[in-house]
Amino acid sequence: EVLEQRKFEAILFTFKQVSKYFQDVFEKLCPTGRGTLSIKTDNQTDDDDDNDQARRLENATGVSCSVSFTGKNNEMREMNQLSGGQKSLVAMALIFAIQKCDPAPFYLFDEIDQALDAMHR
């Protein structure tokens, strides 16, 4: 029981770090935009209590990414609603956010800007 609780706390701590860095990196890549990560579960609730979130991790089905490119107060869009270039930008923000948590010696991106919209190159 204690080991399970520590495991969930470690996962939640790492997720919160990546989520915070994702918001920061996304805002740097797209200054007029906003991006968030959230843990998806079968039964969605809006509770933010750490203990409740640790329990919800048992039923987690994945991570959801919502972004807005047009303004901080505009409607957030899921990944399936984005263009190819927007998806590339979100993917870069997620990679850079993970990199801030656990840096690798180097990254090699081949033609990373291929699908980007002209305004984001």
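What you are looking at is a predicted structure, and each value in this text was computed from that prediction instead of being measured. Each residue takes its place number in the sequence, starting with 1.
Scored by the salt bridge (Lys or Arg N to Asp or Glu O under 4.0 Å) test, Lys100 finds no partners at all (sequence neighbours excluded). The side-chain contact (heavy atoms from CB on, under 4.5 Å) check on Ile98 picks up Val18, Leu94, with sequence neighbours excluded. Take Thr36 and apply the side-chain contact (heavy atoms from CB on, under 4.5 Å) test, not counting sequence neighbours, and it matches Gln23, Ser66, Met76.
Residues Glu27 and Gly33 share a closest heavy-atom pair of CG-O, 4.3 Å. Across Ala93 and Phe22, no two heavy atoms sit closer than the pair CB-CE1, 3.6 Å.
Judged by distance alone, the side chain of Thr32 and the main-chain N or O of Phe69 form a donor-acceptor pair under 3.5 Å. Checked by atom type and distance alone, the side chain of Ser19 never pairs as donor or acceptor with a backbone atom of Phe15 at under 3.5 Å. A donor-acceptor distance shorter than 3.5 angstrom exists from the side chain of Gln81 to the backbone of Glu78, with no hydrogens or angles considered.
Taking CD of Gln17 as the reference point, atom CG of Asp102 lies at 10.0 Å (rounded to 0.5 Å). Atoms CZ and OH, on Phe96 and Tyr107 in that order, are 9.0 Å from each other to the nearest 0.5 Å. Interatomic distance, CD of Gln5 versus CD of Glu1, reported as 7.5 Å (0.5 Å rounding). One finds the CG atom of Leu12 at 5.5 Å from the CD1 atom of Ile39 (value rounded to the nearest 0.5 Å). Once rounded to the nearest 0.5 Å, the distance linking CZ of Arg34 with OG1 of Thr70 reads 10.0 Å. Atom-to-atom distance recorded for Lys28:NZ and Tyr21:OH is 10.5 Å, nearest 0.5 angstrom.
Remark: Lys7 engages Glu4 in a salt bridge, criterion side-chain N to carboxylate O under 4.0 Å. In summary, Asp24 and Lys20 engage in a salt bridge, as defined by a charged side-chain N under 4.0 Å from a carboxylate O.
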task: Start with the C-alpha distance between Val63 and Ser38, add both sets of side-chain angles, then the distance that settles side chain to side chain contact (heavy atoms under 4.5 Å, CB included), and finish with yes or no.
output: CA-CA 6 Å; Val63 175; Ser38 59; over 6 Å; no
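Note on Met92: it clusters hydrophobically with Met79, by side-chain heavy-atom contacts below 4.5 Å among ILVMFWY residues. Hydrophobic clustering, with ILVMFWY side chains joined whenever heavy atoms are under 4.5 angstrom apart, groups Ile112 together with Leu89. The cluster map of Ile, Leu, Val, Met, Phe, Trp and Tyr, joined by side-chain heavy atoms under 4.5 Å apart, puts Val25 and Ile95 in the same cluster.
Residues Gln86 and Val67 are not in side-chain contact: their nearest non-hydrogen atoms beyond the backbone lie 4.5 Å or more apart.
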